[in-house]
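Only one structure is covered here, and it is reproduced in the block below.
For reference, positions follow the sequence shown, starting with 1. Atoms within a ligand are numbered from 1 in the order they appear, just like the ligands themselves.
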Amino acid sequence: MPPLRVLVTRRLPGIALSMLEGRFHVDLQRSDRSLTTGELRLRIRKAHGLLCLPSDRVDRSVLEAAPLLRAIANCAVGVDNIDLDEARRRGIGVTNTPGVLTAATADLTWALILAVTRRVVEGDRLVRAGNFAGWSPTLLLGRSLEGKVLGVVGMGRIGRAVAKRARAFSMEVVYFSRTRLRRQEETVLGAHYLPLKRLLITADVLTLHLPRTPQTKELLGFQELARMKHGAFLINTSRGDIVHEPALIGALRSGRLAGAGLDVYAREPKVPARLRRMKQVVLLPHIGSATLETREAMATTAARNLIAMLERKASPNQVA
Ligand code: DGY
């Protein structure tokens, strides 16, 4: 029997590719950009398996164009780039890569919290521009974290890892999540549950760690942002359209929010010019999981998932 065909939409770090090449006929998309949906539709026609990235839109039209497709391994924990209902309808398995990116994403969340509250990027720009004129008692005054309230929305793996790190900064932690943690977990993390409305008015720094689902789309809109504490900071390393972007821009402009640290955007890779002009905002290019170790682990996990599905074995990371 000829080997099964697998489409890999981008070069990956580590051994993932060689794991697949040992077993399947691999069609690797070599250019360093995402395939358009049209290109993906053409390229996937003969594939039995797909290893794809969060930047690949695997919508119904792509699945319709892939009559042989049996398995999709997303190299990400989020699977909002894939039409899961359609995949289920067609009996196509879908997996993600949970766990391996938890620490990297939590660390980057803290990098954003510190960058935005301590004006790290503004300081860097000032020095590079040759404008550092010596120590000043009022130069780039930020805000302290000690004793402030960190509000975590979404207490999955990443939310919990972010909450755990808050201790090192002597912050109080409150959280909102679809499922409340067990009492013992709350005690270990030192985290108190609050309904979302209460959380919004309580947090000095609000950080989002939710999957993007129809229920979480624009969870934070005009009303919710208007409820936030005056001068609070918003951090988003989950998915961009969990926040209504124009509402966020409005809240930053009015000063309701003192700043934001963003790794994700509603229409990636587009970032609104109005956001790009704001100096109280730190903007990163969706690099929450971007450490060498983590990306290698994600790619290996995705390859392992794909192999398991195509060899009709159970994969622990099956989401559809
Ligand atoms: C994910 O895994 O969902 C991230 O957004 C990409 O690392």
Side-chain angles (χ1 to χ4, degrees), residues 8-14 16 29 32-35 50-59 72-84 87 93-113 152-162 165 177-178 207-220 234-243 245 260-271 282-306 315-320:
V8 179
T9 62
R10 206 74 165 260
R11 268 193 283 257
L12 300 164
Q29 195 282 116
D32 201 19
R33 64 169 183 88
S34 300
L35 292 173
L50 171 68
L51 195 159
C52 60
L53 310 175
S55 48
D56 298 315
R57 261 193 85 66
V58 186
D59 61 14
I72 303 173
N74 208 32
C75 190
V77 67
V79 284
D80 48 295
N81 56 314
I82 299 169
D83 185 335
L84 292 181
V94 180
T95 54
N96 67 348
T97 62
V100 291
L101 47 73
T102 302
T105 309
D107 290 349
L108 192 92
T109 301
W110 276 98
L112 279 173
I113 294 173
V152 181
V153 182
M155 265 299 202
R157 290 184 181 84
I158 298 172
R160 294 201 298 274
V162 169
R165 285 155 174 74
S177 205
R178 200 179 39 175
T207 183
L208 307 180
H209 301 287
L210 301 152
R212 162 66 170 85
T213 63
Q215 292 73 39
T216 62
K217 181 168 192 261
E218 294 178 356
L219 184 74
L220 297 193
L234 179 73
I235 308 296
N236 191 2
T237 56
S238 55
R239 284 295 182 267
D241 62 357
I242 291 178
V243 184
E245 228 161 45
L262 308 175
D263 187 38
V264 288
Y265 308 90
R267 271 172 292 283
E268 282 179 30
K270 291 203 173 85
V271 180
V282 175
L283 303 171
L284 295 180
H286 204 149
I287 54 167
S289 62
T291 70
L292 181 61
E293 296 85 343
T294 301
R295 287 286 164 85
E296 283 186 357
M298 287 166 70
T300 309
T301 305
R304 208 179 290 130
N305 288 337
L306 194 60
S315 158
N317 302 323
Q318 194 123 5
V319 293

* Using side-chain hydrogen bond (donor to acceptor under 3.5 Å, both in side chains) as the criterion, point out the one residue from T95, T97, N81, D80 that pairs with N74. => N81
* **Working for side chain to side chain donor-acceptor pair (under 3.5 Å), residues T237 and T109** => CA-CA 6 Å; T237 56; T109 301; 3.1 Å; yes
* Indicate yes or no: does R212 engage D241 in a salt bridge with an N to O separation below 4.0 Å. => yes
* Determine, for R10 against D56, whether the closest basic-nitrogen to carboxylate-oxygen distance falls under 4.0 angstrom. => no
* To do: Decide side chain to side chain donor-acceptor pair (under 3.5 Å) for N96 and N317; before the verdict, give the C-alpha distance in whole Å, the side-chain angles of both, and the deciding distance to 0.1 Å.
  => CA-CA 6 Å; N96 67 348; N317 302 323; 5.4 Å; no
* When rounded to the nearest 0.5 angstrom, what distance separates CG in L208 from CG in D263? -> 12.0 Å
* **Contact residues of ligand 1 (heavy atom under 4.0 Å), by chain and number** => A76, V77, G78, L101, R239, H286, S289, M298
